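Structure first, then comments.
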Amino acid sequence: MLHEPPVASMPPVAETAMSEKVVTRFAPSPTGFLHIGGARTALFNWLFARKHGGVMALRIEDTDRERSTQAAIDAILDGLKWLGLAWDGDVVHQFARAGRHAEAVSDLIAQGRAYRCYATPAELDEMRESARREGRPPRYDGRWRDRDSADAAKAEAAGLRPVIRLRAPQEGETIVEDRVQGRVVFPNKDLDDLVLLRSDGTPTYMLAVVVDDHDMGATHVIRGDDHLTNAARQTHIYQAFGWETPVFAHIPLIHGPDGAKLSKRHGALGVDAYRAMGYLPAALRNYLVRLGWSQGDREFFSTQEMIEAFDLSGVGRSPARFDFAKLENMNGHYMRAASEADLVAEIEGALPYLEKADAFRAAWSPALKAQLTAAMPGLKERAKTLNELIDGAGFLVAQRPLAMDAKAGEILAAGGKAHLAALAPRLAALPDWSAASTEAAVRAYVETSGAKLGQVAQPLRAALTGRSTSPGIFDVLAVLGRDESLGRIADAA
RNA sequence: GCGCCCAUCGUCUAGCGGUCCAGGACGUCGCCCUUUCACGGCGAAAACAGGGGUUCGAGUCCCCUUGGGCGCGCCA
């Protein structure tokens with residue numbers, strides 16, 4: 001997929017005609033997990049590519065050897081897969097292309113569009129320091145921009161290894177035509193001669209991004225708006241190479257609930273955390289797409305509808321805050337709309353990751369799955385996440401004698417036991433055991449005893465589930481079966 | 001400090017000069033349904049940051065202020 005153009009004569013870029021195939025790319029740096037902002041960026045790229053019949057490439061920006069880890073790469077890949085955002089083609093590892101990056105730069109040097117700079121880190125610090133002191137923007141002052149070779153030789157002799165800097169335009173302005181931000185103008189005097197190659201010869205991010213996006217044929221660069229200024233700098237690099245820039249679309253960042261930058265304390269968890277919390281990928285996608293993008297009042301989109309509806313013009317320019325309450329609500333909608341079988345399958349798939357699912361992991365079996373499926377209609381109405389679902393289904397795997405929570409204990413203590421004792425023989429005498437037959441028996445008892453239904457149903461619930469809340473009690477009776485139900489009632493009575 | 005971006009209910013947003021005394025969703029509150037809790041139904045409170053313009057008319061266009069955010073690395 002990556003072609004390696006000859007270094008000497010850079011081939012002219014294919015014209016980005018309207019008919020050209022759309023190529024988007026998601027380019028995370030593997031210095032951490034895939035956080036929620038990155039996930040949304042990936043989603044937008046994926047949706048855009050799918051909508052236009054194009055492809056989304058995945059590139060790992062691992063040119064920072066110090067901070068890149070394989071664990072992070074695995075987490076990113078895993079996160080994308082879980083979210084259902086499949087990339088096209090092979091994963092591109094940026095560092096593997098360092099040779100190509102360096103070659104491209106030597107071409108720029110030959111053309112006088114880049115130059116060697118021997119300024120030391122200490123000099124650079126001093127430069128920034130004095131600039132700050134004098135109230136000037138902290139920028140490279142271009143001191144090696146036009147030095148003669150004698151100075152360079154002297155520096156070489158002193159053992160200094162140069163970085164390669166871009167000879168950027170110093171006057172005029174650079175315009176980024178952004179599909180989300182509109183036309184953004186940057187005065188060139190505010191953009192300095194950025195480093196292309198480090199003194200050890202490795203490429204910087206700025207250079208690598210441009211060369212890779214070009215070589216990969218990226219037609220659309222959709223990324224967080226923290227890169228907006230970078231787009232101007234990268235435009236300079238594109239110009240130096242004589243390449244056409246891709247279409248830029250800088251989407252606003254996602255903020256935490258307090259409006260501040262998303263931090264780990266807020267919602268900047270890895271997507272694996274959302275899986276552990278029991279969210280459905282489809283629900284997370286739906287929530288994420290509505291964060292910063294909208295199409296009128298519409299809230300719910302199936303994946304296919306999302307692909308059809310998505311467009312860059314619907315992306316807003318103001319940052320959005322992450323709101324767990326809404327995500328939860330949306331997840332609840334997805335769960336209630338899902339079939340019983342699908343939900344059991346979702347649980348099964350998420351079982352290794354779900355919090356507090358130990359009892360289910362241990363007891364998982366075809367029989368339990370059958371029980372879960374049977375109980376699911378009543379369960380899914382009451383849960384907003386898979387974890388809540390598991391929690392609500394806890395009575396299925398609870399061992400006799402059941403532990404009673406505080407409220408359940410109170411219900412039993414406040415006269416509940418007497419009702420259970422009176423009810424037990426009536427239930428035991430039932431010829432067949434079903435929700436309907438147990439309900440009839442309970443209602444008959446209520447009739448004769450003069451109690452309210454709730455006065456009997458609640459103790460039953462406590463005895464059968466150990467809690468004060470559960471799905472409809474007759475469904476619980478049916479799912480648990482005669483022996484287990486009678487046993488639990490006897491335990492509690 | 002300099003540059004850039006942003007600003008409608010608590011939150012996500014609709015609104016692309018008049019049909020907006022601003023609509024939807026989440027959340028909140030109330031009522032109904034009801035064996036619990038949910039779900040569901042009905043209803044309520046809740047916003048155009050402030051100030052100048054432009055215009056017959058501004059949430060919608062322009063400017064300023066204020067408040068957020070991002071960037072200014074031999075990080076990405």
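Quantities reported herein were computed from a predicted structural model and do not represent experimental measurements. Labels below follow one simple rule: chain letters A, B, ... track the order of the sequence lines, proteins then strands, and each chain is numbered from 1.
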> Mapping Leu124(A) and Asp190(A) to their closest nucleotides on RNA chain B, which lands nearer the 5' end?
Replying inline: Asp190(A)
> Parallel, tilted or perpendicular for Phe322(A) and Tyr287(A), by the 30°/60° rule?
Replying inline: perpendicular
>> If we ignore hydrogens and angles and just use 3.5 Å, is the side chain of Asp64(A) paired with the main-chain N or O of Arg67(A) as donor and acceptor?
In response: yes
> When you compare rC4(B) with rG24(B), how far apart are their P atoms, in angstrom units rounded to a whole number?
Replying inline: 39 Å
> Among rC74(B), rC26(B), rG1(B), which nucleotide sits nearest the side chain of Pro138(A)?
Replying inline: rG1(B)
>> Need to verify one output field. Residue with the more 5' nearest nucleotide on RNA chain B, Phe300(A) or Arg233(A)?
In response: Phe300(A)
>> For a quick check of understanding: with a heavy-atom distance under 4.0 Å over all strands, which category does His250(A) fall into, base, sugar-phosphate or nothing?
In response: nothing
> Hey, does Arg223(A) reach any base, or is it just sugar-phosphate, or nothing, if we go heavy atoms under 4.0 Å?
Replying inline: nothing
> CZ of Arg65(A) versus C1' of rA76(B): gap in Å, rounded?
Replying inline: 13 Å
>> Using whole Å, what does the distance between atom C1' of nucleotide rG73(B) and atom CG of Leu194(A) come to?
In response: 11 Å
> Taking a pair as Watson-Crick or G-U wobble with both distances under 3.5 Å, which nucleotide is matched to rC2(B)?
Replying inline: rG71(B)
>> Between Asp193(A) and Tyr115(A), do the side chains contain a donor N or O and an acceptor N or O under 3.5 Å apart?
In response: yes
> For rA22(B), which nucleotide in any strand shown is its Watson-Crick or wobble partner with both distances under 3.5 Å?
Replying inline: none
> What is the nucleic acid contact for Met330(A), judged by heavy atoms within less than 4.0 Å: base, sugar-phosphate only, or nothing?
Replying inline: nothing
> Side chains of Thr41(A) and Arg223(A): do they bring a donor and an acceptor to under 3.5 Å?
Replying inline: no
> What's the CZ-P distance between Arg128(A) and rG71(B), to the nearest Å?
Replying inline: 16 Å
> Rounded to the nearest Å, what distance is computed from the OH atom of residue Tyr205(A) to the C1' atom of nucleotide rA76(B)?
Replying inline: 6 Å
>> Under 4.0 Å, heavy atoms only, any strand: does Arg67(A) hit a base, just the sugar-phosphate, or nothing?
In response: base
>> I need a per-nucleotide contact map over nucleotides 32-41 of chain B, read 5' to 3'. Cutoff is protein heavy atoms under 4.0 Å; write B for the base, S for backbone only, - otherwise.
In response: ---BBBSSS-
> Which nucleotides of nucleotides 5-14 of chain B have their base under 4.0 Å from a protein heavy atom (B), which only their sugar-phosphate (S), and which neither (-), written as one string 5' to 3'?
Replying inline: SSS---SBSS
> Whole-Å distance between rG73(B) P and Met127(A) CE?
Replying inline: 11 Å
> rA14(B) and rG23(B): how far apart are their C1' atoms, nearest whole angstrom?
Replying inline: 6 Å
> If you measure from the P atom in rC26(B) to the same atom in rC42(B), how many Å do you get, rounded?
Replying inline: 12 Å
> So, is Arg139(A) near the phosphate of rG3(B), with a side-chain N or O under 4.0 Å from OP1 or OP2?
Replying inline: no
> What about the rings of Phe248(A) and His227(A), do their centers lie closer together than 6.0 Å?
Replying inline: no
> Can you find a side-chain donor-acceptor pair between Arg298(A) and Gln295(A) that sits under 3.5 Å?
Replying inline: no
> Partner of rC39(B) by Watson-Crick or G-U wobble geometry, both contacts under 3.5 Å, or none?
Replying inline: none
>> Rounding to an integer number of angstrom, what distance separates rA46(B) and rU8(B) when you compare their C1' atoms?
In response: 12 Å
> With sugar-phosphate meaning primed atoms plus P, OP1 and OP2, does Ala231(A) contact a base, only sugar-phosphate, or nothing at under 4.0 Å between heavy atoms?
Replying inline: nothing
> Between Glu123(A) and Tyr118(A), does any side-chain donor sit less than 3.5 Å from a side-chain acceptor?
Replying inline: no
>> We want to know whether His101(A) and Asp212(A) form a side-chain donor-acceptor pair, criterion being a heavy-atom distance below 3.5 angstrom.
In response: yes
>> Let's test this: given Watson-Crick or G-U wobble pairing with both distances under 3.5 Å, identify the partner of rC9(B).
In response: none
>> Please report the distance, rounded to the nearest Å, between CG in Leu166(A) and P in rG73(B).
In response: 15 Å
> Given that both distances must come in under 3.5 Å, which nucleotide forms a Watson-Crick or G-U wobble pair with rA44(B)?
Replying inline: rU28(B)
>> Checking side-chain polar atoms at under 3.5 Å, does Thr303(A) have a donor or acceptor matched by the opposite partner on Arg285(A)?
In response: yes
> Which value, in whole Å, describes the distance between the C1' atoms of nucleotides rU13(B) and rC9(B)?
Replying inline: 11 Å
>> How many whole angstroms separate atom CH2 of Trp144(A) from atom P of rC74(B)?
In response: 16 Å
> Asn188(A) and His236(A): side-chain donor and acceptor closer than 3.5 Å?
Replying inline: yes
> Which part of the nucleic acid, if any, lies within contact of Thr63(A), taking any heavy atom under 4.0 Å across all strands shown: a base, the sugar-phosphate backbone alone, or nothing?
Replying inline: sugar-phosphate
> What interatomic distance, in whole Å, is found between P of rC5(B) and the corresponding atom of rG10(B)?
Replying inline: 27 Å
> Asn387(A) and Thr385(A): side-chain donor and acceptor closer than 3.5 Å?
Replying inline: no
>> Between rG52(B) and rU66(B), how far apart are the two C1' atoms, rounded to whole Å?
In response: 14 Å
> Touch check for Asn230(A), heavy atoms < 4.0 angstrom, all strands: base, sugar-phosphate only, or nothing?
Replying inline: base
> If we take the P atom in both rG50(B) and rG67(B), what is their distance in whole Å?
Replying inline: 15 Å
>> Tell me the interatomic distance from Glu129(A), atom CD, to rC72(B), atom C1', rounded to whole angstroms.
In response: 15 Å
> Using a distance-only test with no angle check, is there a side-chain donor-acceptor pair under 3.5 angstrom linking His419(A) and Tyr445(A)?
Replying inline: yes
